Amino acid sequence: MKKFSITSKGDEKSNKLKEDIKSYLLEFNLVYDKEEPDLVISVGGDGTFLEAFHTYIHRLDKTAFIGIHTGHLGFYADWVPKEMEKLIIEIAKNPFQVVEYPLLEVKIFPEEGKQVDRFLALNECSVKTADGSVVLDLLIKGEHFERFRGDGLCISTPSGSTAYNKALGGAIIHPSLESIQIAEMASINNRVFRTIGSPLILPKHHKCELKPIHDDRSFLITIDHITKTYTNVKTIECSVANEKIRFARFRSFPFWKRVHDSFVADER
Ligand code: NAP
């Protein structure tokens, strides 16, 4: 017996679709369980999907996700409302295949003796400040790589590479590549200060560490859509997480086709 839950963007169209899907699936004797679902159906956009992911982040190994978009085509929300009948029958009658995508692990080490905060991101972690420029040392695999000065850094997952990372000039990475990408935000580059200036892609076994130079600065650290303010940050450590997100797959919709349909105008 499959247990499901549905999250909605909250607008009229998404709420109506949520109620319709719920009543159809209940008719097929599936169980609505908000606490321990096997399947989470997100209705809205990629932003709604990010919220669903963070709501069920504590049970990623037991929950599979599916996204339906009620606006424009999304990367996580890749089903359209007119496919609903087909999707409901698939969910009710067939066991689903699972496709896994990598996640980003972020550890924030505060001053000595204080608790380390650990987060998982589906899209990215961005590090900015409201106190002038971000100034930090970037270490890769324990070795000093550069001193960064600028607006900040964005460390993204492969599936997040089409989001903020893309706007920063980062590469689009296929989610089968277990990696993270570091993209700069407006780095200061002149005769005195120098950074690599290109996005860097790290494999699973390479960690990066961001070590702020000034202890007294506060940082705005965003994990997907959630921003927190930190002071006295010693190190922000980023790596590919051991956990993964699981998508329920009922039909093929290749990543590069989603990239094409979202970003490339088809003028043929
Ligand atoms: P938002 O500012 O309301 O929306 C950000 C936009 O990013 C929405 O159009 C959203 O799609 C889209 N998006 C989210 N994940 C994506 C993905 N993996 N690939 C392609 N597009 C994606 O913020 P939000 O809804 O809370 O989402 C937070 C995300 O916004 C962050 O994770 C970050 O990636 C993104 N962001 C982007 C920029 C930028 O591009 N300059 C700046 C800041 C943050 P939907 O409309 O389908 O929800």
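This one's a predicted model, so the numbers in the text were calculated from it and none came from an experiment. Note that ligands are numbered from 1 as they come in the structure, with each ligand's atoms numbered from 1 the same way. Heavy atoms only: backbone and side chains are in, while hydrogens, waters and symmetry mates are out.
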Open item on the list: On a heavy-atom basis, I'd like to know which of Phe75, Tyr164, Phe263 is closest to atom 37 (C) of ligand 1.
Closed with: Tyr164
Task: Min N/O separation Gly47 to ligand 1 under 3.5 Å - done: yes
Task: atom 19 (N) of ligand 1: nearest protein contact (heavy atom, Å) - done: Thr162 OG1, 2.7 Å
Task: Cation-aromatic face contact Lys22/Tyr32, 6.0 Å, 45 degrees - done: yes
- [ ] Calculate, to the nearest 0.5 Å, the distance between atoms CZ and CZ belonging to Phe193 and Phe148 respectively.
- [x] 12.0 Å
Task: Any donor-acceptor N/O pair, Ser187 side chain to Asn189 backbone, under 3.5 Å - done: no
Task: Nearest neighbour in protein (non-hydrogen) for atom 15 (N) of ligand 1 - done: Asn123 ND2, 2.9 Å
TODO: Report the hydrophobic cluster partners of Leu220, with the cluster defined as I, L, V, M, F, W, Y residues connected by side-chain heavy atoms closer than 4.5 angstrom, directly or transitively.
DONE: none
Open item on the list: Heavy atoms only, cut-off 4.0 Å: how does Thr48 contact ligand 1, side chain, backbone, both, or neither?
Closed with: neither
TODO: Establish, from distance only, whether the side-chain atoms of Glu184 and Thr195 form a donor-acceptor pair under 3.5 Å.
DONE: yes
TODO: Kindly say whether Val259 contributes a backbone atom to a donor-acceptor pair with the side chain of Ser262 at under 3.5 angstrom?
DONE: no
TODO: Measure from NZ or CZ of Lys62 to the centre of the six-membered ring of Tyr56, then state whether that distance is under 6.0 Å and the direction lies within 45° of the axis.
DONE: no
- [ ] Considering heavy atoms of the protein only, find what lies nearest to atom 26 (O) of ligand 1 and give residue, atom and distance to 0.1 Å.
- [x] His225 CB, 3.2 Å
Open item on the list: Counting non-hydrogen protein atoms only, what is the nearest one to atom 16 (C) of ligand 1? Give residue, atom name and distance.
Closed with: Ala163 CB, 3.5 Å
Open item on the list: Strictly inside 4.0 angstrom of atom 4 (O) of ligand 1, do you find any protein heavy atom?
Closed with: no
TODO: Taking the six-membered ring for Trp and the full ring for Phe, Tyr or His, determine whether the centres of Tyr76 and Phe65 are under 6.0 Å apart.
DONE: no
Open item on the list: Please tell me if atom 28 (C) of ligand 1 is touched by the protein, where touching means a protein heavy-atom distance below 4.0 Å.
Closed with: yes
Open item on the list: Looking only at protein heavy atoms, which one is nearest to atom 41 (N) of ligand 1, and what is the separation?
Closed with: Ala167 CB, 3.5 Å
Open item on the list: Does the protein place a non-hydrogen atom closer than 4.0 angstrom to atom 7 (O) of ligand 1?
Closed with: no
TODO: Number the atoms of ligand 1 from 1 as they appear, then name those within less than 4.0 Å of a heavy atom of Ser159, with their elements.
DONE: 18 (N)
Task: Any protein heavy atom < 4.0 Å from atom 39 (C) of ligand 1 - done: yes
Open item on the list: I need the atoms of ligand 1 closer than 4.0 Å to a non-hydrogen atom of Tyr76, numbered in the order shown.
Closed with: 18 (N)
Open item on the list: Using heavy-atom distances only, which candidate in His69, His72, Glu124 approaches atom 31 (C) of ligand 1 most closely?
Closed with: Glu124
Task: Whether Gly71 lies under 4.0 Å from ligand 1, heavy atom - done: no
Task: Ring centre gap for Phe49 and Phe247 strictly below 6.0 Å - done: yes
TODO: Flag atom 45 (P) of ligand 1 as yes if some protein heavy-atom distance to it falls below 4.0 Å, otherwise no.
DONE: yes
- [ ] Could you tell me whether atom 48 (O) of ligand 1 has a protein heavy atom closer than 4.0 Å?
- [x] yes
Open item on the list: Give the atom numbers and elements of ligand 1 that come within less than 4.0 Å of a heavy atom of Asp224.
Closed with: 31 (C), 32 (O)
- [ ] Ignoring hydrogens and angles, tell me if any N or O in the side chain of Asp33 forms a donor-acceptor pair with the backbone of Lys3 under 3.5 Å.
- [x] no
Task: Ionic contact status for Arg59 with Glu243, cut-off 4.0 Å - done: no
TODO: Might you check, step by step, whether the distance between atom 1 (P) of ligand 1 and some protein heavy atom is under 4.0 Å?
DONE: no
Task: For atom 11 (O) of ligand 1, closest protein heavy-atom neighbour - done: Asp46 CB, 3.7 Å
Open item on the list: Has Glu146 got a side-chain atom pairing as donor or acceptor with Ile196's backbone, closer than 3.5 angstrom?
Closed with: yes
Open item on the list: Once rounded to the nearest 0.5 Å, what's the spacing between atom CD of Glu83 and atom CG of Leu87?
Closed with: 7.5 Å
